[in-house]
Amino acid sequence: MNQKVRVRFAPSPTGGLHLGGVRTVLFNYLFAKQQGGDFIVRIEDTDQGRFVAGAEEYIFNTLKWCGLEPDESPLHGGPYAPYRQSERKANYRQYAEQLVKDGFAYYAFDTPEELETKRKEVANFQYNQFTRGNMNNSLTLSADEVKEKLVSTPYVIRIKMLEDETVVFTDMIRGEVSFNTSQVDDKVLLKADGMPTYHLAVVVDDYLMKISHAFRGEEWLPSAPVHILLWKYLGWGNDMPQWAHLPLILKPDGNGKLSKRDGDRLGFPVFAMDWTDPKTNETTTGFKERGFLPEAFVNLLAMLGWNDGTDREIFTLAELVEKFSMERVHKGGAKFDYEKAKWYNHEWIKELGVGSLELGVRSEFEKKGIVISDDSLFEKVIGLVKDRCTLLPDFVAQGSFFFQSPATIEVDAIKPKWDDKKNMFFTELIRAYELSSVWEMHDLEREFKELAAANQLKPGELMLPFRIMLVGGKFGPGVFDIAALIGKEETVKRIQNTLQLLQA
RNA sequence: GGCCGGUUCGUCUAUCGGUUAGGACAGCCCCCUUUCACGGGGCAAAGACGGGUUCGAUUCCCGUACCGGCUACCA
């Protein structure tokens with residue numbers, strides 16, 4: 001038995017990492033760290049047809065952003081290198097051959113075309129114990145023919161499933177799961193190009209890398225018997241990892257597994273970070289670029305299928321490491337709810353201090369071409385505005401007017417009720433503010449109200465116009481907070497500007 | 001079609017045989033706020049169905065329905 005906890009995330013580099021993928025990483029990571037174990041990332045690039053340039057790099061960037069750094073990987077190195085299956089190609093054949101020798105597998109010479117026509121002829125055709133006797137393989141051909149074909153034609157190696165046996169295993173989430181071998185087909189283990197299929201490769205590499213617990217999506221459950229039999233046939237039964245098949249993340253509407261298309265369709269990200277398909281040059285936006293904080297992203301993913309048994313919903317990564325338990329992971333899939341996802345981000349924005357927000361917020365401003373030169377003002381603005389921001393770009397919407405004059409002034413909001421009295425008031429306000437020696441929120445408010453009273457105007461009628469002048473629209477923090485922060489000169493300038501606009 | 005898995009408010013979920021079935025998101029209402037939010041308070045909203053087992057089932061068992069996954073020389 002393996003003593004040390006070692007888990008692995010084994011993605012195939014075919015595109016962006018979506019919610020389900022990152023959650024699988026997360027649960028692996030949480031379990032490993034809690035048990036003082038190792039978290040390994042192994043790249044399963046055995047299908048050269050589906051390989052996508054840049055996908056591997058993307059995966060590691062995503063893990064870095066989420067704070068889920070592997071202990072071993074092609075990037076981080078480790079004692080079981082290489083961690084890319086394409087680089088381990090030479091390993092697999094011997095095990096497949098061993099299985100043939102031991103009678104657990106056989107050579108098959110049927111071409112992909114032959115199989116395809118077969119599948120067209122016979123509905124639901126399966127290459128299994130009932131059909132393999134009619135196919136081209138080392139079970140039906142004479143020894144000489146096999147020997148001849150082995151050198152002259154391409155071939156695959158297929159597992160030879162037992163006739164009628166029950167394969168039982170205990171899943172950490174689902175409990176006992178069993179399959180009858182008569183229902184599972186003779187899966188290809190080694191492809192004609194010499195590459196292993198997933199089935200062979202996971203088993204061999206999990207064994208070689210001493211993996212103690214294998215977590216993966218529920219879509220793998222049906223092939224679990226193949227893998228379990230392989231562990232047995234290869235003689236490694238005692239070292240087999242414990243399995244856990246994670247529930248799927250489903251579409252918010254309708255049914256089915258969440259896919260990239262759903263995000264496009266429903267207008268929310270499904271990838272962790274922006275992903276640009278090198279073939280089409282199409283970019284799919286990610287949670288990061290949408291303005292999610294990694295803390296929130298990790299948090300919301302953890303709660304999709306797991307909870308600590310209390311009403312608590314906000315957890316740091318460290319807290320998740322402490323509280324996580326596979327026993328509390330759900331069996332059923334969860335529909336993804338983008339509104340709830342945003343709520344997590346909002347909670348995290350409120351939770352985090354100005355200092356932790358600064359970097360991300362700054363880059364949002366830069367994206368919009370707004371240069372922040374006054375750091376102390378910047379920090380004050382973040383503090384003033386953060387409670388009303390859900391996503392990082394909201395900081396720009398809520399705070400750009402602190403750094404530059406509003407692009408547009410909604411004069412229409414005040415025009416209908418505008419009159420000479422108000423015009424006079426603001427003209428006098430300019431004078432009064434220009435004369436003030438201190439520039440502090442409470443004083444500004446007091447002066448404002450005194451002047452209103454002197455002009456027999458209710459402050460209520462003047463607040464909105466004043467806000468529009470400073471902000472450009474009906475939103476933002478308290479007006480006097482804003483005036484105090486942007487300073488005398490700027491306040492006066494904005495009042496004057498709007499007064500002119502109202503004149504026109 | 002076959003195999004496997006799943007099923008509590010619209011959504012995410014709590015409950016490990018006895019509860020007015022709890023919380024959160026979204027929705028609606030009110031308060032706060034002379035903006036928009038935040039915040040506070042409230043309303044509405046659920047055990048798929050049918051059988052068992054039991055003094056008692058959301059909880060255990062069986063069946064049905066529904067949903068999902070898989071059924072490739074893809075992972």
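Predicted model only: the values in this text are computed from it and were never measured. Residue numbers begin at 1 in each chain, while the letters A, B, ... track the order of the sequences.
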Open item on the list: Need one value for Gln126(A): base, sugar-phosphate or nothing, where a base atom within 4.0 Å counts as base even if backbone is also close, heavy atoms only.
Closed with: sugar-phosphate
- [ ] Measure the distance from CG on Leu200(A) to C1' on A75(B) and round it to the nearest whole Å.
- [x] 14 Å
Task: Rounded distance (Å) that lies between atom C1' of A24(B) and atom NE2 of His346(A) - done: 14 Å
- [ ] For Ser178(A), report the nucleic acid contact type (base, sugar-phosphate, nothing); a contact means any heavy atom under 4.0 Å.
- [x] sugar-phosphate
Open item on the list: Just N and O in the side chain of His227(A): are any of them under 4.0 Å from OP1 or OP2 of C70(B)?
Closed with: no
Open item on the list: Taking the nucleotide of RNA chain B with the nearest heavy atom to each, does Lys335(A) or Gly478(A) sit closer to the 5' end?
Closed with: Lys335(A)
Open item on the list: Distance check, C1' atoms only: A46(B) and A14(B), in whole angstrom units.
Closed with: 13 Å
Open item on the list: Is any side-chain heavy atom of Asn136(A) closer than 4.5 Å to one of Leu141(A)?
Closed with: yes
- [ ] Could you please name the option among A72(B), G5(B), A75(B) that lies closest to any side-chain atom of Leu221(A)?
- [x] G5(B)
Open item on the list: Measure CG/Asn136(A) against P/C73(B) and give the value in whole Å, please.
Closed with: 15 Å
- [ ] Scan side-chain atoms only and decide if Asp186(A) and Gln129(A) contain a donor-acceptor pair under the 3.5 Å cut-off.
- [x] no
Task: Rounded distance in Å between the P positions of C25(B) and U20(B) - done: 26 Å
- [ ] Would you mind telling me which of U11(B), A14(B), G22(B) lies closest to the side-chain atoms of Asp311(A)?
- [x] G22(B)
Open item on the list: Counting the atoms with a prime plus P, OP1 and OP2 as sugar-phosphate, which does Pro154(A) contact under 4.0 Å by heavy atoms, base, sugar-phosphate, or nothing?
Closed with: nothing
- [ ] Return the nearest nucleotide to the side chain of Arg388(A); candidates are A24(B), C36(B), A14(B).
- [x] C36(B)
- [ ] Scan Asn124(A) against the nucleic acid and name what it touches under 4.0 Å (heavy atoms): base, sugar-phosphate only, or nothing.
- [x] base
Task: Parallel, tilted or perpendicular, as decided by the 30° and 60° cut-offs, for the rings of Phe169(A) and Phe179(A) - done: parallel
Open item on the list: Using a 4.0 Å heavy-atom cut-off, does Thr46(A) contact any base of the nucleic acid, only the sugar-phosphate backbone, or nothing at all?
Closed with: sugar-phosphate
Task: Glycosidic conformation of C38(B), taking syn as within 90° of 0 and anti otherwise - done: syn
- [ ] Calculate the interatomic distance between Glu347(A) atom CD and C25(B) atom C1'; express it in whole Å.
- [x] 11 Å
- [ ] Consider the side chain of Asp337(A), meaning its heavy atoms from C-beta on, and name the nucleotide among U35(B), G68(B), U11(B) that approaches it most closely.
- [x] U11(B)
TODO: Check RNA chain B against residues 467-474 of chain A and give the residues with a non-hydrogen atom under 4.0 Å, in numerical order.
DONE: Arg467(A), Lys474(A)
Open item on the list: By the 4.0 Å heavy-atom rule, please label Val188(A) as base, sugar-phosphate, or nothing.
Closed with: sugar-phosphate
Open item on the list: Counting only side-chain nitrogens and oxygens, does Arg328(A) get under 4.0 Å of the OP1 or OP2 atom of U15(B)?
Closed with: yes
- [ ] Compare side-chain N and O positions of Arg158(A) against OP1 and OP2 of A72(B) and report whether any pair is under 4.0 Å apart.
- [x] no
Open item on the list: Taking any heavy-atom pair under 4.0 Å as a contact, classify Lys257(A): base, sugar-phosphate, or nothing.
Closed with: sugar-phosphate
Open item on the list: Under 4.0 Å, heavy atoms only, any strand: does Arg312(A) hit a base, just the sugar-phosphate, or nothing?
Closed with: nothing
Open item on the list: If I pick the P atom on A48(B) and the same atom on U33(B), what distance separates them, to the nearest angstrom?
Closed with: 45 Å
Open item on the list: Among U35(B), G69(B), U34(B), which nucleotide has an atom closest to any side-chain atom of Met463(A)?
Closed with: U34(B)
Open item on the list: From CG of Leu258(A) over to P of G68(B), roughly how many Å is that when rounded to an integer?
Closed with: 14 Å
TODO: Quick one: label Lys350(A) by what it contacts on the DNA or RNA (base, sugar-phosphate, nothing), any heavy atom closer than 4.0 Å.
DONE: sugar-phosphate
Open item on the list: Rounding to an integer number of angstrom, what distance separates U11(B) and G27(B) when you compare their C1' atoms?
Closed with: 12 Å
TODO: Assess the side chains of Asn137(A) and Asp110(A): does a donor N or O sit below 3.5 Å from an acceptor N or O?
DONE: no
Open item on the list: Would you call the rings of Phe448(A) and Phe426(A) parallel, tilted or perpendicular, taking 30° and 60° as the class edges?
Closed with: perpendicular
Task: Side-chain N or O of His245(A) closer than 4.0 Å to phosphate OP1/OP2 of G5(B) - done: no
Task: Spacing of Leu250(A) atom CG relative to C67(B) atom P, expressed in whole Å - done: 13 Å
Task: Sugar-phosphate only, base, or nothing, as touched by Arg216(A) at under 4.0 Å among non-hydrogen atoms - done: nothing
- [ ] Compare the minimum distances between each of G6(B), G39(B), U13(B) and the side chain of Asn307(A), then state the nucleotide with the smallest one.
- [x] U13(B)
- [ ] Answer with base, sugar-phosphate or nothing: what part of the nucleic acid does Ala334(A) contact at a heavy-atom distance below 4.0 Å?
- [x] sugar-phosphate
Open item on the list: Suppose you measure atom C1' in A21(B) against the same atom in U8(B); what distance do you get, rounded to whole Å?
Closed with: 8 Å
Open item on the list: Using a 4.0 Å heavy-atom cut-off, does Asn180(A) contact any base of the nucleic acid, only the sugar-phosphate backbone, or nothing at all?
Closed with: nothing
TODO: May I ask you to decide if the ring planes of Phe27(A) and Phe324(A) are parallel, tilted or perpendicular, using 30° and 60° as cut-offs?
DONE: tilted
Open item on the list: As a test of reading the structure: which of C74(B), A14(B), G5(B) is closest to the side chain of Arg50(A), going by heavy atoms?
Closed with: C74(B)
Open item on the list: On RNA chain B, compare the nucleotides closest to Pro11(A) and Pro477(A); which residue's is nearer the 5' end?
Closed with: Pro477(A)
TODO: Taking only the side-chain heavy atoms of Phe179(A) (C-beta and beyond), determine which of A75(B), C4(B), G6(B) contains the nearest atom.
DONE: C4(B)
Task: Whole-Å distance separating the CG atom of Asp185(A) from the C1' atom of U71(B) - done: 7 Å
Open item on the list: Without decimals, in angstroms, what is the distance between Glu219(A) CD and C3(B) C1'?
Closed with: 16 Å
Open item on the list: Applying a 4.0 Å non-hydrogen cut-off, can you work out what Gly256(A) is touching in the nucleic acid: base, sugar-phosphate, or nothing?
Closed with: sugar-phosphate
TODO: For Gly460(A), answer base if it contacts any base atom (sugar-phosphate contacts may also be present), sugar-phosphate if it contacts only those atoms, and nothing otherwise; contact means non-hydrogen atoms under 4.0 Å.
DONE: base
Task: side chain to side chain donor-acceptor pair (under 3.5 Å) partner of Asp206(A), the single match among His227(A), His213(A), Arg8(A) - done: Arg8(A)
TODO: Taking atom C1' in both C62(B) and A75(B), compute the distance separating them and give it to the nearest angstrom.
DONE: 37 Å
TODO: Check whether the ring centres of Tyr107(A) and Tyr155(A) lie less than 6.0 Å apart, and answer yes or no.
DONE: yes
Task: Residues which pass salt bridge (Lys or Arg N to Asp or Glu O under 4.0 Å) with Arg265(A), listed by chain and number, not counting sequence neighbours - done: Asp253(A), Asp262(A)
TODO: Kindly assign one of parallel, tilted or perpendicular to the pair Phe125(A) and Tyr127(A), based on the angle between their ring planes and the thresholds 30° and 60°.
DONE: perpendicular
TODO: Measure distances between side-chain N and O atoms of Lys340(A) and base N and O atoms of A26(B), and say whether any donor-acceptor pair falls under 3.5 Å.
DONE: no
Task: C1' spacing across the pair G47(B) / A57(B), given as an integer number of angstrom - done: 11 Å
- [ ] Would you mind listing every side-chain hydrogen bond (donor to acceptor under 3.5 Å, both in side chains) that reaches into residues 46-58 of chain A, with sequence neighbours excluded?
- [x] Gln48(A)-Asp193(A), Glu56(A)-Arg84(A)
Open item on the list: Looking at Trp343(A), I'd like to know if the NZ or CZ of Lys340(A) sits under 6.0 Å from its six-membered ring centre while staying within 45 degrees of the ring's axis.
Closed with: yes
- [ ] Could you work out the separation of C30(B) and C16(B) based on their P atoms and round it to a whole Å?
- [x] 38 Å
